[in-house]
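Values below: every heavy atom of this structure, side chains too, minus hydrogens, waters and symmetry copies. Letters go in sequence order (proteins before strands), and every chain restarts at 1.
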Protein chains: 2
Amino acid sequence: MVTRKEVAELAKVSEATVSRVFNGLGPMKPATKERVLEAAKVLGYHPNAIAQSFARRRSGNLGVVLPYMPKVHLFSAYYFAEILSGIGEQVREQGYDMLLSLLAPDDDLDYGRLYRSQKVDACVILGARDTEAQRSSLLQLQEQGLPFCLVNQRFEGLSFLEVDADHVEGSYQAVRHLLDEGYRKIAFLNGSPQYSNSMDRLHGYQKATLEAGLPIDLSLQFEGNYSRTSGYEAAAQIWENRDQVEAIFAANDRMAIGLLQGLRERGWIAGRDFAVIGCDDSDAAKLSDPPLSSIKVPFFEMGKQAARAVLATVGGAGEAQLQVKLPTEVKIRQSSKSGVWRVGS
Amino acid sequence: MVTRKEVAELAKVSEATVSRVFNGLGPMKPATKERVLEAAKVLGYHPNAIAQSFARRRSGNLGVVLPYMPKVHLFSAYYFAEILSGIGEQVREQGYDMLLSLLAPDDDLDYGRLYRSQKVDACVILGARDTEAQRSSLLQLQEQGLPFCLVNQRFEGLSFLEVDADHVEGSYQAVRHLLDEGYRKIAFLNGSPQYSNSMDRLHGYQKATLEAGLPIDLSLQFEGNYSRTSGYEAAAQIWENRDQVEAIFAANDRMAIGLLQGLRERGWIAGRDFAVIGCDDSDAAKLSDPPLSSIKVPFFEMGKQAARAVLATVGGAGEAQLQVKLPTEVKIRQSSKSGVWRVGS
DNA sequence: TTGTACGCGTTATCAA
DNA sequence: TTGATAACGCGTACAA
């Protein structure tokens with residue numbers, strides 16, 4: 001390995017000067033600078049990142065923590081791919097690298113490893129749930145001063161760095177849309193209440209319902225676990241109450257598509273016999289038949305902002321805005337239109 | 001930060017002994033060991049990973065290189081999610097961490113940064129294409145001795161560590177299946193020939209075709225770019241030649257689904273008017289309507305084996321097997337069945 | 001504008 | 001079985 005020392009010798013300067021050249025520090029004679037760069041080029045010198053981290057006491061890595069679930073596809077790949085890409089873009093702009101950490105469900109408490117070992121300067125945490133264990137782990141992290149930012153998850157009562165989407169408003173608009181299409185009996189298939197965004201959607205749903213002068217009917221609320229299968233299973237329950245249901249708002253696209261499939265097997269076609277709107281506006285929404293209306297969530301941008309926010313605190317810059325909430329947007333497709341296929345009804 | 005020195009003082013041993021305890025090296029009195037561990041616990045000592053990397057001259061990181069494509073979803077999220085999970089599992093078992101690197105299309109040549117800066121001990125490279133630029137970058141890496149492993153991509157004539165799937169056999173079986181269902185006019189929608197797996201599929205397709213005594217008809221071969229849109233566009237071309245086509249083998253699920261959608265708009269329904277089989281057996285295959293037959297590729301396992309193989313060479317253990325090829329499996333669903341809906345035809 | 005010299009927290013070698 | 005101590009490659013305060 002070529003070291004600074006060898007470059008210094010060849011360029012006939014001190015090692016400190018080599019460092020200065022590579023870090024662009026201090027005033028220096030252009031001639032010196034050029035000699036150093038020339039020598040570095042000749043020798044093929046590149047600073048050793050690990051030694052740099054060691055000396056700077058900073059790793060230059062942003063940790064990205066995400067739940068590890070080998071065969072359990074509760075989260076869609078789309079969701080993580082978008083957020084990861086967003087983080088990746090921001091990180092690259094700031095000269096950082098991303099250290100991925102897949103957290104098994106049973107070592108929830110082990111956020112520690114990453115920071116203790118100093119392998120990362122900060123973390124972005126994805127797929128967190130609001131449980132006692134998580135709260136205490138995060139509080140611990142906070143006390144110990146490792147900067148972290150949560151994406152798409154809030155913890156009521158605690159003051160963490162969080163980048164979220166406005167799921168309340170998104171859901172409100174989605175249900176408004178169904179109301180505007182003339183539907184009145186609107187069911188809601190939610191995910192686990194351990195996710196703050198599930199609760200947010202519930203609030204949006206209730207707000208729109210109440211505003212329309214409709215009662216909150218608990219028999220219209222169902223719970224799945226964000227998997228397609230759970231949507232498929234919910235279809236059976238909904239079918240039981242089919243005279244009570246004209247439209248369904250599902251808390252993500254995967255469940256919505258499971259729903260579509262389950263009801264189709266019973267002869268009910270979305271966009272003809274009933275309406276469905278999902279959430280995430282994932283690729284799957286465009287792939288489904290009929291194309292699925294959905295709430296577009298800016299996952300890419302959320303990842304980007306989370307990375308930016310948490311890296312800002314590392315730089316020691318004044319605290320960034322603590323809680324960010326990005327807007328969502330309703331995308332209408334065939335699955336939630338009324339009248340289109342209903343010419344005869 | 002608590003350092004080894006403080007632990008040594010509290011435990012009344014030398015710093016070297018503390019290191020020995022934490023690395024399980026050399027013989028030592030149980031009593032000493034316990035004193036050290038106790039002291040470490042009291043102080044909350046954890047070895048500094050960066051200092052360790054520095055001293056060991058090993059980062060403990062496995063680099064994962066993947067093409068960066070913000071809005072260009074040429075690869076499916078499913079594909080990468082599976083491979084990443086596989087890598088993640090293996091890496092975790094070996095006490096490594098994953099450093100993600102999103103490579104922009106224009107810095108193809110910059111595999112170097114990662115290894116020059118010594119941030120990784122080895123790399124797994126995803127989504128590589130067979131271009132001159134790539135070949136030379138990889139050769140360069142090889143010369144410089146950075147261990148790397150390619151996933152799902154071979155370079156004919158070069159001797160790299162590669163973990164691939166048996167796409168030739170998979171495609172052969174897929175086309176055999178279509179033949180068995182009674183189809184004779186079988187079109188093939190391939191992806192870019194820059195990917196070795198595209199070429200493999202072509203070979204499998206040709207092999208099955210020839211074996212069945214059918215001619216190789218170039219007008220039955222189409223090329224997309226693995227996106228849904230390109231499948232959708234191919235539908236138009238295929239529709240032109242619709243009297244020449246009874247079934248289509250598409251090189252991935254996304255194009256297959258685009259095909260389904262494009263042809264459906266013209267009134268052609270898969271599994272009734274024609275057959276389609278895709279490749280990857282991604283989530284989308286189960287979401288589509290009708291459910292899409294597909295070739296299952298063990299992406300998770302491929303990621304895992306790639307990580308294992310390349311980390312083995314780091315340990316300095318004798319070279320692992322250079323080229324691995326994992327089996328594929330044809331999954332039959334409704335899109336490729338004949339007769340099911342064809343009662344009347 | 002440049003050089004000197006120390007420190008960072010380990011690992012690993014050599015003695016004892 | 002344990003202790004001293006020299007690297008490791010770089011950042012940086014201070015001196016010149």
Side-chain angles (χ1 to χ4, degrees), chain A residues 1-40 43-61 95 115-121 314-316, chain B residues 1-37 39-40 43-61 95 97 115-121 314-316:
Chain A
M1 170 190 300
V2 185
T3 71
R4 185 180 66 167
K5 189 174 173 183
E6 305 172 46
V7 177
E9 281 165 6
L10 182 56
K12 301 203 185 308
V13 297
S14 72
E15 293 189 45
T17 298
V18 178
S19 280
R20 286 193 198 96
V21 170
F22 275 84
N23 295 316
L25 291 179
M28 64 181 59
K29 261 208 288 242
T32 321
K33 179 171 174 179
E34 220 154 310
R35 276 219 317 289
V36 170
L37 289 176
E38 179 60 20
L43 296 175
Y45 167 76
H46 295 280
N48 179 323
I50 292 194
Q52 285 179 318
S53 297
F54 183 50
R56 292 187 179 126
R57 272 169 294 272
R58 293 235 249 97
S59 66
N61 294 150
Y115 90 89
R116 269 188 250 121
S117 64
Q118 324 260 45
K119 275 205 139 180
V120 302
D121 301 330
V314 171
Chain B
M1 170 191 299
V2 185
T3 70
R4 186 181 64 166
K5 189 174 173 185
E6 306 172 47
V7 176
E9 280 165 8
L10 181 57
K12 303 204 184 306
V13 295
S14 72
E15 294 189 44
T17 298
V18 177
S19 280
R20 285 193 197 97
V21 169
F22 275 84
N23 295 315
L25 291 179
M28 64 181 58
K29 260 208 289 238
T32 321
K33 179 170 176 180
E34 220 153 311
R35 276 218 316 289
V36 170
L37 289 177
L43 298 175
Y45 167 76
H46 295 279
N48 179 321
I50 292 193
Q52 286 179 320
S53 296
F54 182 51
R56 291 187 180 124
R57 272 170 293 280
R58 292 234 250 97
S59 66
N61 294 150
D97 284 299
Y115 90 89
R116 270 188 248 120
S117 65
Q118 323 261 49
K119 274 203 144 182
V120 302
D121 301 331
V314 170

Visitor: Please classify the nucleic acid contact of A:Val13 as base, sugar-phosphate, or nothing, using heavy-atom distances under 4.0 Å.
Guide: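 Counting heavy atoms under 4.0 Å across all strands, the contact made by A:Val13 is with sugar-phosphate only.
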Visitor: Earliest and latest nucleotide of DNA chain D, 5' to 3', sitting under 4.0 Å from a non-hydrogen atom of chain A?
Guide: D:dG9 to D:dA13
Visitor: To the nearest 0.5 Å, what is the distance between CG on B:Leu43 and CG on B:Leu10?
Guide: 5.0 Å
Visitor: Run the side-chain contact (heavy atoms from CB on, under 4.5 Å) test on B:Val21 and B:Met28 for me, step by step, so that the C-alpha distance in whole Å, both residues' side-chain angles and the decisive distance to 0.1 Å come before the verdict.
Guide: CA-CA 8 Å; B:Val21 169; B:Met28 64 181 58; 3.7 Å; yes
Visitor: Heavy atoms under 4.0 Å, any strand shown: does A:Ser53 hit a base, just sugar-phosphate, or nothing?
Guide: nothing
Visitor: Once rounded to the nearest 0.5 Å, what's the spacing between atom OG of B:Ser53 and atom NZ of B:Lys119?
Guide: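 If I round to the nearest 0.5 Å, the distance is 10.5 Å.
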Visitor: Which letters describe nucleotides 4-10 of chain C, given B = protein heavy atom under 4.0 Å from base, S = only from sugar-phosphate, - = neither?
Guide: B---BBB
Visitor: Are any side-chain N or O atoms of B:Asp97 and backbone N or O atoms of B:Asn61, one a donor and one an acceptor, separated by less than 3.5 Å?
Guide: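 Between the backbone of B:Asn61 and the side chain of B:Asp97 there is no qualifying donor-acceptor contact (under 3.5 Å).
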Visitor: How long is the span from the CZ atom in A:Arg57 to the CD1 atom in B:Ile50, to the nearest 0.5 Å?
Guide: 10.5 Å
Visitor: I'd like to know if the side chain of B:Glu9 and the backbone of B:Glu6 have a donor-acceptor N/O pair within less than 3.5 Å.
Guide: no
Visitor: What's the separation between atom OG1 in A:Thr17 and atom CG in A:Leu25, rounded to the nearest 0.5 Å?
Guide: 11.5 Å
Visitor: Going from NE2 on B:His46 to CZ on B:Phe22, what distance comes out if it is rounded to the nearest 0.5 angstrom?
Guide: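 The CZ atom of B:Phe22 is 8.0 Å from NE2 of B:His46, to the nearest 0.5 Å.
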